[in-house]
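Small disclaimer: the values here were computed from a predicted structure and weren't measured.
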Amino acid sequence: MRLPSNRSILIVEDNRYYASMIENHLHQYPGFTVAAFDNGDAAMEAYDRVRPDIVLLDYHLNVEDDSAPTGYDYLQQIKDRNPEQAVVMLSSNDNVKQVVELLKTGAYDYVLKDESAFEQLDKVLLNLEEVLSIRTEVKNLKSVLRRQNRRFAWTLAAVAVIVTACFEWLD
């Protein structure tokens with residue numbers, strides 16, 4: 001599998017061992033920039049500075065503290081800041097209702113933390129690369145169209161001035 005070499009990934013995983021495993025796995029793809037955080041608050045503080053292409057977010061953050069925000073809460077915060085942000089949720093729970101709710105909230109995908117998690121993650125990242133590339137291409141095309149529309153508007157304005165001058169000259 002060929003993944004891009006210029007993507008930044010923010011990992012939010014409170015299990016430091018698992019976060020380290022993800023980070024090590026991602027380092028097999030040269031050029032990935034990875035920042036890992038073991039709590040959502042620290043990740044959110046760094047979010048604007050890091051400006052990740054992809055966020056890998058554990059659903060079950062802060063399991064010891066029932067009053068603390070969960071991965072779902074952080075997903076909502078991220079989507080409020082940047083609705084286009086690609087967020088892949090990670091969880092050891094395969095509850096279908098939970099998965100559907102996360103996808104409705106804006107998660108790009110959901111990776112179950114099981115024996116095939118890294119294989120799943122690779123597939124998700126490959127698919128996500130295609131989506132991100134298309135988004136970039138559309139953004140670039142919109143920029144080109146805006147420039148062309150401005151030029152066309154100026155050309156029309158110039159033609160209008162010339163036509164007006166010609167009519168005035170003919171009178």
Side-chain angles (χ1 to χ4, degrees), residues 1-139 142:
M1 176 184 341
R2 175 106 166 85
L3 287 174
S5 60
N6 59 346
R7 294 288 182 204
S8 63
I9 299 180
L10 178 72
I11 301 170
V12 187
E13 168 63 62
D14 58 353
N15 179 328
R16 290 176 191 227
Y17 176 72
Y18 198 77
S20 176
M21 287 174 50
I22 295 170
E23 199 169 355
N24 287 336
H25 178 76
L26 293 175
H27 283 305
Q28 73 177 317
Y29 305 110
F32 266 17
T33 304
V34 179
F37 294 89
D38 63 1
N39 72 73
D41 290 339
M44 293 308 295
E45 286 177 24
Y47 178 80
D48 293 324
R49 179 177 36 82
V50 173
R51 300 180 57 89
D53 296 304
I54 302 165
V55 176
L56 302 179
L57 178 59
D58 181 24
Y59 178 79
H60 294 289
L61 292 173
N62 307 312
V63 290
E64 296 84 29
D65 183 358
D66 290 340
S67 64
T70 65
Y72 178 79
D73 298 318
Y74 291 113
L75 172 63
Q76 289 177 314
Q77 288 180 36
I78 291 169
K79 288 300 185 171
D80 286 345
R81 285 187 189 186
N82 179 5
E84 296 298 314
Q85 179 64 62
V87 180
V88 177
M89 298 301 296
L90 308 170
S91 179
S92 55
N93 187 344
D94 62 354
N95 180 317
V96 174
K97 286 183 181 181
Q98 174 182 299
V99 173
V100 169
E101 187 61 33
L102 291 168
L103 295 173
K104 282 182 179 178
T105 303
Y108 174 76
D109 211 332
Y110 185 92
V111 172
L112 186 61
K113 293 194 274 187
D114 62 9
E115 63 279 347
S116 67
F118 294 114
E119 183 181 321
Q120 291 177 59
L121 182 59
D122 288 345
K123 288 177 183 176
V124 168
L125 291 175
L126 186 62
N127 292 336
L128 189 50
E129 174 54 29
E130 192 171 322
V131 169
L132 294 175
S133 294
I134 290 169
R135 282 184 188 171
T136 300
E137 188 174 342
V138 167
K139 184 178 178 181
K142 283 181 177 180

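Between atom CD1 of residue Ile11 and atom CG of residue Asp38 there is a gap of 12.0 Å, rounded to the nearest 0.5 Å. Rounded to the nearest 0.5 Å, atoms CD (Gln98) and CG (Asn93) are 4.5 Å apart. Summarising the geometry, atom OG1 belonging to Thr33 is positioned 9.0 Å from atom NE2 belonging to His27; distances are rounded to the nearest 0.5 Å. Note: Gln77 CD to Arg81 CZ = 6.5 Å, rounded to the nearest 0.5 Å. To the nearest 0.5 Å, the span separating CG on Leu125 from CZ on Phe32 amounts to 5.5 Å. For the atom pair CD1 (Ile9) and CG (Leu128), the distance works out to 8.5 Å, reported to the nearest 0.5 Å.
For Arg51, the CZ atom counts as loosely surrounded, since its 6.0 Å shell holds 12 or fewer non-hydrogen atoms of other residues, nucleotides or ligands. The environment of CD in Gln28 is crowded: more than 12 heavy-atom neighbours from other residues, nucleotides or ligands sit within 6.0 Å.
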Identify every side-chain donor-acceptor pair in residues 99-109 under 3.5 Å, counting partners at least two apart or on other chains, and give the distances.
residue : atom : partner : partner atom : Å
Glu101  : OE2  : Tyr72   : OH           : 3.2
Thr105  : OG1  : Tyr72   : OH           : 3.3
Thr105  : OG1  : Glu101  : O            : 2.8

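Between Ala117 and Val111, the shortest heavy-atom contact is O-CG1, 3.6 Å. What you find for Glu84 and Lys79 is that their closest heavy atoms are C-NZ, 4.2 Å.
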For side chain to side chain contact (heavy atoms under 4.5 Å, CB included), just list the numbers for Asn15 and Asp58, CA-CA rounded to whole Å, side-chain angles, deciding distance to a tenth of an Å, and then say yes or no.
CA-CA 9 Å; Asn15 179 328; Asp58 181 24; 5.9 Å; no
Decide yes or no on side chain to side chain contact (heavy atoms under 4.5 Å, CB included) for Tyr74 and Val12, but give the supporting numbers first.
CA-CA 10 Å; Tyr74 291 113; Val12 187; 5.7 Å; no
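Residues Ile22 and Phe118 form a side-chain contact, since some pair of their non-hydrogen atoms from C-beta on lies under 4.5 Å apart. A heavy-atom distance below 4.5 Å is found between the side chains of Glu13 and Lys113. Between Val124 and Tyr110 there is no side-chain heavy-atom pair separated by less than 4.5 Å. Taking the side chain as every heavy atom from C-beta outward, Met44 and Ile78 approach each other to under 4.5 Å.
With Leu56 as the fixed residue, the side-chain contact (heavy atoms from CB on, under 4.5 Å) test singles out one of Leu26, Val34, Leu10: Leu26.
The closest side-chain donor-acceptor pair between Tyr47 and Gln85 falls under 3.5 angstrom. For the residue pair His25 and Asp122, a side-chain donor N or O sits within less than 3.5 Å of a side-chain acceptor on the partner.
With hydrogens and angles disregarded, a donor-acceptor distance shorter than 3.5 Å links the side chain of Ser8 to the backbone of Asp53. Although no hydrogens or angles enter the test, the distance criterion places a donor-acceptor pair under 3.5 Å between the side chain of Asp73 and the main chain of Thr70.
Checked against side-chain contact (heavy atoms from CB on, under 4.5 Å), Glu137 has the following partners two or more places apart in sequence or in another chain: Leu141.
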